[in-house]
Amino acid sequence: MATRLDRLLGITLELMAKKRVTATALADKFEVSVRTVYRDVELINQAGIPVASFTGADGGFELMNGFFLTRQYFSVDDLSVIYSLLKAMEETMGGAVTPAMRKLASLHPGLADEGGQKAVLLGISVPEQERHIVEELFRAIRQSRVVQMAYTSASGSATERSLEPLNLLWEKGVWYLEAYCRRRGAKRYFRVSRIDRLQVLDETFAPRPITDELEPEDLQGIFAHLRFDLSVRIRVLEQFPGECTYQGNCIEVRTVFYKKEYALSVIVSYGTNVDIVSPDELQDDVITYIEAIRRHYAKKREGDAT
DNA sequence: TACAACAACGGGACTTATCG
DNA sequence: CGATAAGTCCCGTTGTTGTA
């Protein structure tokens with residue numbers, strides 16, 4: 001089960017999920033020696049996934065800036081691409097048809113077809129309690145089966161839902177289910193860890209031709225393009241891991257804020273060290289926000305004076 | 001079935017680089 | 001300087017594969 005390829009992908013995903021990871025931490029997580037981790041990281045590099053390393057205290061491995069930075073989340077298909085990169089790497093090690101490849105094929109018989117690749121993906125880097133659910137969901141998606149489940153929302157309310165699963169998404173170490181919710185009559189996202197009882201029904205569904213009504217991104221978040229001063233570099237890198245690109249003497253960040261209030265509070269906290277490239281509305285909102293703060297304190301001062 | 005070849009992994013003892 | 005962590009070198013162990 002725990003093949004080398006699994007681990008290579010696992011390490012890659014770990015690097016994508018976290019900002020910086022030490023070899024010791026990876027060795028611990030995948031139950032191998034640090035020596036092996038170094039070997040693996042070198043392989044990942046050779047596979048075309050750039051891993052940067054930093055020595056000294058607070059050192060570790062990082063995915064290089066600019067890699068995968070344009071994406072907010074990864075679908076199973078995206079992960080499959082990474083998997084293919086790593087697999088190709090393994091296969092080209094020392095000859096055309098290596099023993100490693102045959103071994104791989106015997107361990108994962110479905111590897112030839114695309115479905116098999118995905119199946120392998122799901123066996124790793126998923127917390128134990130979620131693994132089963134993710135696998136079930138993945139089967140349901142491939143077979144277009146209707147699923148029924150109990151879901152506890154972020155606010156704590158539990159609902160029983162009937163869903164047509166569309167895709168599994170992986171964002172920063174967390175799995176989400178993209179599905180058409182029959183009750184709401186619209187596409188919704190569900191965090192896998194909050195799914196309680198999952199039941200894959202025999203009933204199948206036909207893919208709905210609704211896809212291009214309104215992209216959920218437009219409804220759910222504000223896509224923002226920000227430009228930061230280098231003086232706040234450290235904070236920016238921490239706040240927007242994996243979303244930063246260096247552009248000359250500034251840092252550009254493309255991110256999505258899911259609440260306008262949150263976006264405003266973050267942007268304002270950077271004072272004059274940030275520029276909003278887009279959208280323009282956000283710039284107006286910030287001005288309004290600051291105006292409100294100014295009025296708030298002006299009023300207070302008047303109150304104190306009387 | 002026995003044996004050689006090989007790949008993957010691990011351990012230890014290093015060196016090098018960075019930060020406080 | 002001391003702590004930390006990447007990176008290197010060398011070699012032993014183990015499991016798998018190919019072959020006689």
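These values consider heavy atoms only, across backbone and side chains, with no hydrogens, waters or symmetry-generated copies. Chain letters run A, B, ... following the sequence lines, proteins first and then strands; every chain starts at 1. Worth saying up front: this structure is predicted, and the values here are computed from it rather than measured.
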Original post:
Do A:S33 and A:R35 get their side chains close enough for a donor-acceptor pair, meaning under 3.5 Å?
Top reply: no

**OP:** Under the side chain to side chain contact (heavy atoms under 4.5 Å, CB included) rule, collect the residues that match up with A:T22, sequence neighbours excluded.
**Re:**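 For A:T22 the side chain to side chain contact (heavy atoms under 4.5 Å, CB included) partners, ignoring immediate neighbours, are A:T24, A:A25.
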
**OP:** Please lay out, stage by stage, how A:C181 and A:R161 fare under the test side-chain contact (heavy atoms from CB on, under 4.5 Å).
**Re:** CA-CA 7 Å; A:C181 178; A:R161 288 162 189 264; 3.6 Å; yes

When the distance from [atom1] of [X] to [atom2] of [N] is rounded to whole Å, what number comes out?
{"X": "A:E42", "N": "B:dC9", "atom1": "CD", "atom2": "P", "result": "13 Å"}
{"X": "A:F54", "N": "C:dG7", "atom1": "CZ", "atom2": "C1'", "result": "15 Å"}
{"X": "A:R7", "N": "B:dA7", "atom1": "CZ", "atom2": "C1'", "result": "12 Å"}
{"X": "A:R20", "N": "C:dT4", "atom1": "CZ", "atom2": "P", "result": "17 Å"}
{"X": "A:I44", "N": "C:dA6", "atom1": "CD1", "atom2": "C1'", "result": "15 Å"}
{"X": "A:E62", "N": "C:dA6", "atom1": "CD", "atom2": "C1'", "result": "13 Å"}

Original post:
Does a nitrogen or oxygen in the side chain of A:S53 sit under 4.0 Å from OP1 or OP2 of C:dA5?
Top reply: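 It does not, given that no N or O in the side chain of A:S53 lies less than 4.0 Å from OP1 or OP2 of C:dA5.
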
Original post:
Within the pair A:Y38 and C:dG7, is there a side-chain N or O less than 4.0 Å away from OP1 or OP2?
Top reply: no

Atom pairs, N/O to N/O, protein against nucleotides 10-20 of chain B, distance under 3.5 Å?
from   : atom 1 : to    : atom 2 : distance (Å)
B:dG10 : OP1    : A:S33 : N      : 3.4
B:dG10 : OP2    : A:S33 : N      : 2.6
B:dG10 : OP2    : A:S33 : OG     : 3.0
B:dG10 : OP2    : A:T36 : OG1    : 2.4
B:dG10 : N7     : A:R39 : NH2    : 2.7

Original post:
Linking I/L/V/M/F/W/Y whenever any side-chain heavy atoms sit under 4.5 Å apart, do A:V286 and A:V274 land together?
Top reply: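 Result: yes, single cluster for both.
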
Subject >> A:R145/A:E203 salt bridge by N-O under 4.0 Å criterion >> reply: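 No, this pair does not count.
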
Subject >> For the student: nearest non-hydrogen atoms of A:L8 and A:L43, plus distance >> reply: CD2-CB, 4.2 Å

